[in-house]
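Here's the structure, in structure tokens; my notes come after.
Whatever order the structure lists ligands and atoms in, that order sets their numbers, starting from 1. What you are looking at is a predicted structure, and each value in this text was computed from that prediction instead of being measured.
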Amino acid sequence: MKEIYFDNSATTPLSSAARAALNESADIYANPSSLHRLGFESQKKLEGAREAIAKTLYCDKSEIIFTACGTESDNTAILGGAEVFSAMLKKEGVPPRIITTDSEHPAVSEPVRILENKGFEVIRLSTKKGVLDMAEVTKAATKNVCLATIMHTNNETGAVYDLKSVFSVIRKNSPRAILHTDAVQGYLHSRIRPSVIGADLISISGHKVHALKGIGVLYKKKGVRILPFMAGGGQESGFRSGTENLTGILTLAAAAKDGFDNFDIYSERIRNVRNALISALSEIDGVHFNIPEKSFSENILSIQVEGEKSEVLLHKLSDMNVFVSSGSACSSKKGKSGVLRSFGLTDIEADRTIRISLSHMNTEEEAHFFCEALEKVRNKVN
Ligand code: PLP
């Protein structure tokens, strides 16, 4: 029976480009730090991959730091970024302030909570209907802000926040702040130009863009100071010690190049599947869309299905080889996430919400099959 995989925000299958890189890299085993010929060859591959990824982020290759995942990139940016300023601000007798949102992934909200417990003041901007309130941003952007960490694309609703406007207000009013964005869900679904959005630090994860798991990237703008999160052999310009995961890096470079070079084609494919889903789902009684009010990523479609709880629907769909998620897969095992409440849903609405997340590998035929499966399942559960 055909599998319909609509859970691409949780993770993605390997692209054919990444699979080819994986096969090719199976024999590249030397440590890039080794001084012999094999080591030099690995080093060359590593730097080639860095260059390929830098191109997809419109930046210099010296601004790319390889990490193990999006979570590590977020932790490095937040804990390493805030630490630089905390001593200075504490000396001045002003509590160091962090600006974030009420809808961040735990990879951001948890390190922020650690800093809050250490005495940092945290302002969590509201994200009702997937939009940031500029008046709140202006009020929050005081001189003592040391870090702003605001996600690019929300993993549960697909909301894309207006980072350009938000970061420009914070940059103007809080000149010492380091500006970080978690772009794990936005990368290769939006064109991300650090100089346009005004970010100093950007987190990316390989397994969300059809590369292997266990590889991430932290973009760090030239000259931006953070303290390294991992101490050791000094790899990655001292910002991420530990022997590089060259296999993961090569799959990410291949997947990223494929996604970047085919950006328009892949975006159109996703749009067509989304449109097919929306028109078919609109015909089904009791289906409601949680669409962000302004900007959103077309690969994430959050819907409410009246009747059973989303977990029940999810398992019934899974029995039919159709795979979706209830909210964010990364946090769903830990219990309810507050993101949908922050979006403006009631508890009942949030409990009946499922997330459909697409990739360029999905088809319109799958969209129709999904809607048929949903109708069958609902007839069974109601
Ligand atoms: N940030 C966001 C927005 C995510 O959606 C995820 C994973 O779902 C992460 C961070 C964590 O990324 P990783 O699984 O690579 O640690």
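Although no hydrogens or angles enter the test, the distance criterion places no donor-acceptor pair under 3.5 Å between the side chain of Ser190 and the main chain of Ile192. Judged by distance alone, with hydrogens and angles left aside, the side-chain atoms of Tyr161 form no donor-acceptor pair with the main-chain N or O of Leu163 at under 3.5 Å.
Glu63 contributes atom CD, which lies 10.5 Å from atom CG of Asp200 (distance to the nearest 0.5 angstrom).
A parallel orientation is assigned to the rings of Tyr266 and His360, their planes being inclined by less than 30° (bins at 30° and 60°).
When each atom of ligand 1 is checked for a heavy atom of Ser205 under 4.0 Å away, the hits are 13 (P), 15 (O). Atoms of ligand 1 found under 4.0 Å from any heavy atom of Asp182 (numbered from 1 in listed order, with element): 1 (N), 2 (C), 3 (C), 10 (C). Close approach of ligand 1 to His207 (heavy-atom distance below 4.0 Å) involves ligand atoms 13 (P), 14 (O), 15 (O). For ligand 1, the atoms sitting less than 4.0 Å from at least one non-hydrogen atom of Asn155 are 3 (C), 5 (O), numbered in the order shown with element in parentheses.
Residue Lys213 does not touch ligand 1, judged by heavy-atom distances below 4.0 Å. Heavy atoms from both the backbone and the side chain of Thr71 come within less than 4.0 Å of ligand 1. No part of Glu72 comes within 4.0 Å of ligand 1, judged by heavy-atom distances. The part of Asp74 lying near ligand 1 is the side chain, judged by heavy-atom distances below 4.0 Å.
Both the sub-6.0 Å distance and the 45° axial angle are satisfied by Lys220 relative to the ring of Phe239.
Considering backbone and side-chain atoms alike, Gly70 places an N or O below 3.5 Å from some N or O of ligand 1.
Within a 6.0 Å radius of CZ in Arg191, other residues, nucleotides and ligands contribute more than 12 heavy atoms. Under a cut-off of 6.0 angstrom, the local environment of CG in Asn117 is crowded, with over 12 non-hydrogen atoms contributed by other residues, nucleotides or ligands.
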